[in-house]
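What follows is a set of notes on a single structure, which appears directly below.
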Amino acid sequence: TIYEIEKFLIENKRRDFTCEIIRNEKNEGYTRAINQGLFRVKEPYILIINPDVKVLDGFFNSIISFFKENPATGIVAPQHLTENGRIISSC
């Protein structure tokens with residue numbers, strides 16, 4: 001996933017948001033890493049994404065546009081799909 005984010009940032013140099021990628025030398029666990037990022041964030045949007053997630057083309061632009069068009073929205077959970085595109089119930 002980190003490569004997808006880096007690719008998106010390179011392709012969208014002229015953007016109206018910032019993104020900081022935090023790389024730790026040691027794996028302290030998922031929750032500690034999430035908290036580390038949450039304490040550092042100063043932006044209105046926070047993306048928490050597991051390392052095994054494959055992001056589809058257009059995801060980042062789509063999610064940012066959604067939040068801009070729906071400013072009262074506080075959280076979004078994207079749809080989970082199998083590798084062949086079938087919806088996975090994730091409630």
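Sequential numbering from 1 along the given sequence is applied to the chain's residues.
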Would you say V41 ends up clustered with L47 if hydrophobic residues are merged whenever their side chains have heavy atoms under 4.5 Å apart, either directly or through other cluster members?
no

Do you reckon F66 sits in the same ILVMFWY cluster as L56, going by side-chain contacts under 4.5 Å, direct or chained?
no

Please report the interatomic distance CG(N35) to CZ(R40), rounded to the nearest 0.5 Å.
13.0 Å

Check whether any side-chain heavy atom of L38 sits under 4.5 Å from a side-chain heavy atom of I48, and report yes or no.
yes

Considering residues, nucleotides and ligands other than N70, do more than 12 of their heavy atoms fall under 6.0 Å from its CG?
yes

Gap separating the CD1 atom of I75 from the CZ atom of F67, nearest 0.5 angstrom:
7.5 Å

Would you compute the distance between atom CD of E83 and atom NZ of K54 and round it to the nearest 0.5 angstrom?
7.5 Å

Grab the two heavy atoms, one from V55 and one from F60, that are nearest each other, plus how far apart they are.
CG1-CE1, 3.8 Å

Rounded distance [0.5 Å steps], CZ in R32 versus CG in N24:
10.0 Å

Do L81 and I87 pass the side chain to side chain contact (heavy atoms under 4.5 Å, CB included) test, and can you show the C-alpha distance, the side-chain angles, and the key distance before you say yes or no?
CA-CA 5 Å; L81 305 174; I87 296 172; 3.9 Å; yes

